[in-house]
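Step one of this worksheet: look at the structure below.
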Amino acid sequence: MDARLRADPSWLAARRFSRRMVAAGRFRGRRLMAAHAVPPAVPLDVYEHSRLAHVHPESWCNPIPADCYQLVIVGAGPAGVAAAEAAAALGARVALIERHLLGGTCLNTGCLPSNTLIRTSRLYAEMRDARHYGACGPRPVQVDFAAAMERMRRIRSHLSGEDSVRRLTAMGVDVFFGPARFSGTDTLTVSEDTLRFRKAIIATGARPHVPSIPGLNEAGCLTNANVFNLTELPRRLLVIGGGPIGCELAQAFCRLGSRTTIVQDLPLFLAKEERDAAQILSDAFARDGIEVRLNTTAVAVRMENGQKCVDLVSDDYHNTVAVDTILTGVGRLPNVEGLNLEAAGVDYAAGSGIRIDDFLRTGNPRIYAAGDVCLEHKYTDSAAASARIAVQNALLRGRRRLSEMVIPWCTFTDPEIAHVGLYVREANRQGIPVKTFTIPMHEIDRGVTDGEDAGFVKIHVRERTDQILGATIVARHAGDMINEITLAMVAGIGLRTLARVIHAYPTQAEAIRQAADAYNRTRLTPRIHARIRRWLSSTGSRMSG
């Protein structure tokens, strides 16, 4: 190791902190578990030392609490950090409490490391398919999984500076590390300190839900919380769950070389999405070589000869698969335990989280909640947006409503699946008449030239109007494309206006303009067509005369 690095106090502090965490079992899991069930430990390289120095420096000492904080925030994930930034910008005296690592799931074990790995896996897939693009790729493609994971750690370390203690304290935020516990309706404790507040926001996030399958805990499994600690590629991987996390990681690991099987207890993946969108993803999985088992449930796990044997049931058919690693991606549970919410007068349920009204207030008018601990849609963007609403309502007596948020989301598979607004089934349940305009990507020139013609743009409008109610996009860059639709919905811009927007050519976003053109063509009714023909005919007669 570089002598200059060893002399860096932040590196030394991070190293001591990392060793302490490992010794305490925070990274390695419970030491009483069988050896084969121990999750992988964080590789303590230079990038991990740097990240930990940013998000939880070992040498940190909690500040002396103020007499009373205008806002106390519990949890420093995307929602908590966004709330702290917004409140500090207003000039409020703010305390931010985090029990583990600043940045929460998104930075440390969620979308940032996963999308970094997804990008590398996509490159390997393109290298294998080089002949499709008129190029000669290496045969066979050699995957350097350790290098891919090192790249992920390097990028994660770099991005951790945005959520660092130094940055937050420079804004005037008092940062406390330790478990928070409410001791009253306007007080809470952190370690041995008592913090009094006028208002508080609970933003403790959510954690992976591990399904109750007999033998799974004993055999051991990965979740998004520890899968990014791997340094060796699993040879045989079973992914339980067909939600966004399960689908993204199943495809990424398959493209990196794992023999991957995905088990989903429903007929298709991504149960909330449009069925044709999920079918396109299913076809992509088949092309990648993922073994897909739909309508199938994992009912038991056991260890045999050093491998994990998983019993599967599909209807009345029973069989067993042998794998080296199991990854679960079946949803997330809100973090409400250990907060002593009863003492604060905050209502909650273990499965759905903290109960809030449309202004993000809890049962205690002093306390608000934001992010995954209380929202149905557990996304980084919605967590941060809800936190800013909570700050405005708590400190400025604002009346911004959660129901007014227009929330887009994206599953970062290949192709991506992005959505905003209502689905047709939701509009039907609400009695809203809907007309849908669909443009397949194989009709978009850029989709064809890029070899990315699987997918579509589908936009729903209220019938007899151009009001956009929702949209689903399936495309390589769907996550970027959906933002144009989201902006139109927030600004009240109709599909008719989008038709007038000149889109750079050739781009895949031109599919949005073509959907708007399709709407405009429906406005040309037979009666209007007849009037235009008469006008053109009379104009032609005058010119010839």
Side-chain angles (χ1 to χ4, degrees), residues 78 106-107 110-123 125-126 152 155 159 162 244-245 247-249 251-252 255 270 272-274 276-278 280-281 284 377-385 405-423 437-460 468-491 493 495 497-517:
C106 179
L107 168 67
C111 40
L112 293 180
S114 68
N115 275 274
T116 305
L117 196 63
I118 287 168
R119 179 62 185 93
T120 302
S121 72
R122 191 174 77 214
L123 173 62
E126 290 172 341
M152 180 275 297
I155 292 175
L159 295 175
E162 291 297 309
I245 294 174
C247 287
E248 290 173 358
L249 293 179
Q251 188 178 46
R255 289 178 162 189
L270 303 176
K272 295 182 179 180
E273 297 295 348
E274 310 259 6
D276 46 0
I280 290 174
L281 180 59
H377 301 300
K378 301 186 187 306
Y379 307 113
T380 297
D381 48 8
S382 56
M405 287 174 42
V406 179
I407 303 173
W409 59 82
C410 183
T411 299
F412 294 98
T413 48
D414 187 11
E416 296 175 354
I417 300 178
H419 179 82
V420 66
L422 292 177
Y423 294 98
F437 298 92
T438 303
I439 302 296
M441 291 304 296
H442 63 73
E443 294 182 3
I444 303 303
D445 293 352
R446 183 61 182 272
V448 175
T449 61
D450 286 351
E452 300 169 0
D453 54 359
F456 56 78
V457 168
K458 183 184 294 187
I459 302 177
H460 312 302
I468 301 173
L469 299 176
T472 295
I473 301 178
V474 182
R476 168 63 70 86
H477 307 289
D480 293 319
M481 295 167 64
I482 200 68
N483 293 325
E484 181 178 352
I485 307 297
T486 306
L487 173 62
M489 294 177 65
V490 171
I493 298 172
L495 201 52
T497 302
L498 286 185
R500 305 206 315 263
V501 176
I502 300 175
H503 290 70
Y505 176 88
T507 59
Q508 295 189 19
E510 199 185 17
I512 296 172
R513 182 193 58 78
Q514 290 196 19
D517 288 343

Please report the closest heavy-atom contact between Thr497 and Ile493, naming both atoms and the distance. CB-CG2, 3.5 Å

May I have the step-by-step check of salt bridge (Lys or Arg N to Asp or Glu O under 4.0 Å) for Lys458 and Glu273, ending in yes or no? CA-CA 12 Å; Lys458 183 184 294 187; Glu273 297 295 348; over 6 Å; no

Test side chain to side chain contact (heavy atoms under 4.5 Å, CB included) on Val474 and Glu416 and set out the steps. CA-CA 6 Å; Val474 182; Glu416 296 175 354; over 6 Å; no

Between the CD1 atom in Ile485 and the CD1 atom in Ile459, the distance rounded to the nearest 0.5 Å is 3.5 Å

So how far is it from Asp517 CG to Ile512 CD1, rounded to the nearest 0.5 Å? 12.0 Å

Leu281 vs Cys247, side chain to side chain contact (heavy atoms under 4.5 Å, CB included): CA-CA, chis, key distance, verdict: CA-CA 9 Å; Leu281 180 59; Cys247 287; 4.0 Å; yes

Quick one: are Ile444 and Gln514 in side-chain contact, heavy atoms under 4.5 Å? yes

Going from CD1 on Ile155 to OG1 on Thr116, what distance comes out if it is rounded to the nearest 0.5 angstrom? 4.5 Å

Correct closest heavy-atom pair for Ser121 and Arg255 would be O-CB, 3.6 Å

For Thr507, is there any backbone N or O sitting under 3.5 Å from a side-chain donor or acceptor partner on Arg446? no

Looking only at heavy atoms, the pair that brings Met489 and Leu469 closest together is CE-O, 3.4 Å

Cut-off 3.5 Å, side chains only: do His419 and Glu274 have a donor facing an acceptor? no

CA sep, side-chain torsions, deciding dist, call: Val420, Ile407, side chain to side chain contact (heavy atoms under 4.5 Å, CB included): CA-CA 6 Å; Val420 66; Ile407 303 173; over 6 Å; no

Side-chain heavy atoms of Ile280 within contact of Pro415, under 4.5 Å: yes

Kindly compute the distance separating CG (Leu123) from CZ (Arg119), expressed to the nearest 0.5 Å. 6.0 Å

Where the side chain of Ser114 meets the backbone of Gly110, is there a donor-acceptor pair that is under 3.5 Å apart? yes

Taking side chain as C-beta onward, heavy atoms only, is Leu112 less than 4.5 Å from Cys106? yes

Flag side-chain contact, heavy atom, 4.5 Å: His503 against Glu484: yes

Verify salt bridge (Lys or Arg N to Asp or Glu O under 4.0 Å) between Asp450 and Arg476, making sure each step is shown before the conclusion. CA-CA 10 Å; Asp450 286 351; Arg476 168 63 70 86; over 6 Å; no

Calculate, to the nearest 0.5 Å, the distance between atoms CD and CG belonging to Gln251 and Asp414 respectively. 5.5 Å

Within the 4.5 Å heavy-atom criterion, are Phe456 and Ile473 side-chain neighbours or not? no

Of all heavy-atom pairs linking Cys111 and Thr380, the shortest is SG-OG1, 3.4 Å

Taking the side chain as every heavy atom from C-beta outward, state whether Phe437 and Leu495 have any atom pair closer than 4.5 Å. yes

Does a side-chain heavy-atom distance below 4.5 Å link Asp381 with Pro408? yes

Glu452/Gln508 under side chain to side chain contact (heavy atoms under 4.5 Å, CB included): CA gap, chis, key distance, verdict: CA-CA 9 Å; Glu452 300 169 0; Gln508 295 189 19; 2.6 Å; yes

Can you tell me how far apart OG1 (Thr411) and NZ (Lys272) are? Round to the nearest 0.5 Å. 10.5 Å

Distance-minimising heavy-atom pair for Ile482 and Ala471: CD1-O, 4.0 Å

Less than 4.5 Å apart, side chain to side chain, heavy atoms only: is that true for Tyr423 and Thr472? yes

